[in-house]
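Written out below as structure tokens is the structure these notes cover.
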Amino acid sequence: MRLSNFFLPVLKETPSEAEIISHQLMMRSGMISQSSSGIYSWLPLGLKVLKKIENIVRDEQNKAGVNEILMPTIQPADLWKESGRYDDYGKEMLRIQDRQEREMLYGPTNEEQVTDIFRRSIKSYKDLPTLLYHIQWKFRDELRPRFGVMRGREFLMKDAYSFDLDHDECKKSYYKFFISYLKTFRRMGLKAIPMAAETGPIGGDLSHEFVIISETGESDIYFDKRILSEDSKIEDVAYDNDLEQVVQQYNNYYTASDEKFDQTEFDNNVAKDQQTKSKGIEVGHIFSFGTKYSEAMKANVLTSEGKQAYVHMGSYGIGISRLVGAIIESSHDTKGIIWPNVVSPFDIGLINLKSSDEKINNICNDIYSNLLNENVDVLYDDKKDNPGVKFSKMDLIGLPLQMIIGNKTIETNEVEIKYRKSGEVKYIKVENLPNFVQEIKKSSAI
RNA sequence: CGGGGCGUAGCGCAGUCUGGUAGCGCAUCUGGUUUGGGACCAGAGGGUCGCAAGUUCGAAUCUUGCCGCCCCGACCA
């Protein structure tokens, strides 16, 4: 993409309504545009990142054997009356009426909807487990939206639902998602800590929040430092292994959020030098809730003994739009965003420092089309701005690697390579560039 | 929902106390000179001062009502 064709409304100054760094940087880099409180439009740069994150989440769900579906944003109130949540949910739920004055709602979550889908077609234990997920926009009319996309009212979420014959089977599904979440966040370059969470009426150990450590996180978290090195091999864990064992390795470490924290418990379970306190952002939440919805909504199957049994369910969320903000919170510097390679909106930023110079233009055009031929997603700054403008803009939007061509480099027939994260600079002869591109593609450096 | 703050040009702000017909920086447009870290010179465009009613000869400024946005708190992926 040529920058001259790219809709990228960057701001030199920080809009006054943006308080936290990710919100500021998303506004300044032209990723989003606020529509109303907690509701945003996604502009090209932001949308590219959102899609990349979405696709990683999707890929990992598929690999875990979960089926993608797509449920509606607008749901009938009747389903929610069946589960009893129509009255329980409160003002967070946006209630609307259609032209026939039927009561509808903009879905804040999808347990009812998915349970309805399940009960219509699954009647036998032989069809279990059933694992479904979708990636859809949700709306929760928060009392106070804030932090940009980190706590918006409208947000994109992956939510998955499991249906199993009994509690033991349900646990297996739960573990599957547990592992898939570790893999998912790992792939995005994030260190996510699974923290035991409130389990509600079911009890047991079947609820975890996945929290990213971030200086600017919302809540205080306490944990055993050793859990950070636990997921070093998580990519290699196959789903047909005994997952309980793997999950148990994580559960062995003490973790607690602010509300649950207890200093005595901390001291008893964790050696002083391993005790860590940090700030965290919740990016995922998994829990199982037994037969709560299946009983209310009559979702049952026949067992091998020919008896009716209510299915045991679990639900598993990942905040996709929130992750965009969360990643920026954990990866930026004073100049702007530093995207992890896998979610970066472009692989490479190509900077033409003097677009009034025909010779430099020709070199840049060649490099640009060669990169495109190699399937490298490149943003080519072909505009007539001053060098300073180009440098700061490219630093702001945070592409992992910059290729810079100007008078200085063509004298020696070189291209300047600059890594956004480390600031490391090196020079490559123009004729060696194809080799260099092959190398970085192979090494996943972009 | 309780407490606080703010709405003046695309963005950041001054002007409001003390009423007299709107200004600064950046951005934008035109011409020219520039081109390795947010350039320079000359010129130009852009605002019913959030909306409505009221007070007044006269309202961005005073009064009342409404709307929107942000921050702190309680609550959530």
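Below, chain A is the first sequence line, B the second, and so on; all start at residue 1.
Looking at heavy-atom distances under 4.0 Å, Lys418(A) makes contact with a base. Residue Asp385(A) is classed as a base contact, given a heavy-atom separation below 4.0 Å to a base. Within 4.0 Å of Glu19(A), counting heavy atoms only, lie sugar-phosphate atoms of the nucleic acid but no base atom. Within 4.0 Å of Arg28(A), counting heavy atoms only, lies at least one base atom of the nucleic acid. Across all strands shown, Ser355(A) has no heavy atoms under 4.0 Å from either base or sugar-phosphate atoms. Residue Gly148(A) is classed as having no contact, given no heavy-atom separation below 4.0 Å to the nucleic acid. Looking at heavy-atom distances under 4.0 Å, Thr14(A) makes contact with sugar-phosphate atoms alone, never a base.
For Lys354(A), counting side-chain heavy atoms from C-beta on, the closest listed nucleotide (C76(B), U35(B), C13(B)) is U35(B). When the nucleotides A74(B), G36(B), C26(B) are ranked by their closest atom to the side chain of Glu13(A), C26(B) comes out on top. Proximity note for Ser392(A) (side chain, C-beta onward) versus C1(B), G37(B), A77(B): the nearest is G37(B). With distances taken from any side-chain atom of Asn386(A) to the nucleotides U34(B), C72(B), G36(B), the minimum falls on U34(B). Of the candidate nucleotides G38(B), G37(B), A74(B), G37(B) has the atom nearest to the side chain of Asp395(A). Distances from the side chain of Met157(A) to the nucleotides G73(B), A77(B), G12(B) place A77(B) closest. Which of G36(B), G73(B), C76(B) sits closest to the side chain of Lys408(A) comes down to G36(B). Set against G36(B), A39(B), C76(B), the side chain of Leu353(A) has G36(B) as its closest nucleotide. Picking from C76(B), G38(B), G12(B) the nucleotide with the shortest atom distance to the side chain of Arg151(A) gives C76(B). Distance from the side chain of Pro15(A) is smallest for G12(B) among the nucleotides G73(B), G36(B), G12(B).
Atom P of G50(B) sits at a distance of 15 Å from the matching atom of C13(B), rounded to the whole Å. Across the C1' atoms, G58(B) and G19(B) are found 8 Å apart, a figure rounded to whole Å. Taking atom C1' in both U64(B) and U30(B), the straight-line distance is 48 Å, to the nearest Å. Annotation: C49(B) and C62(B) have their P atoms spaced 15 Å apart (nearest Å).
Ring-centre distance between Phe266(A) and Phe261(A): below the 6.0 Å cut-off. Between Phe210(A) and Phe178(A), the ring centre distance stays below 6.0 Å. Ring-centre distance between Phe346(A) and Phe6(A): below the 6.0 Å cut-off.
Between Trp137(A) and Trp42(A), the ring planes are tilted. Angles from 30° to 60° get that label.
Comparing Ile404(A) and Glu209(A) along RNA chain B, the residue whose closest nucleotide (by nearest heavy atom) sits nearer the 5' end is Ile404(A).
Neither side chain, Glu209(A) nor Ser257(A), offers a donor N or O lying under 3.5 Å from an acceptor on the other.
Taking atom CD on Glu414(A) and atom P on G36(B), their separation rounds to 17 Å, with Å as the unit.
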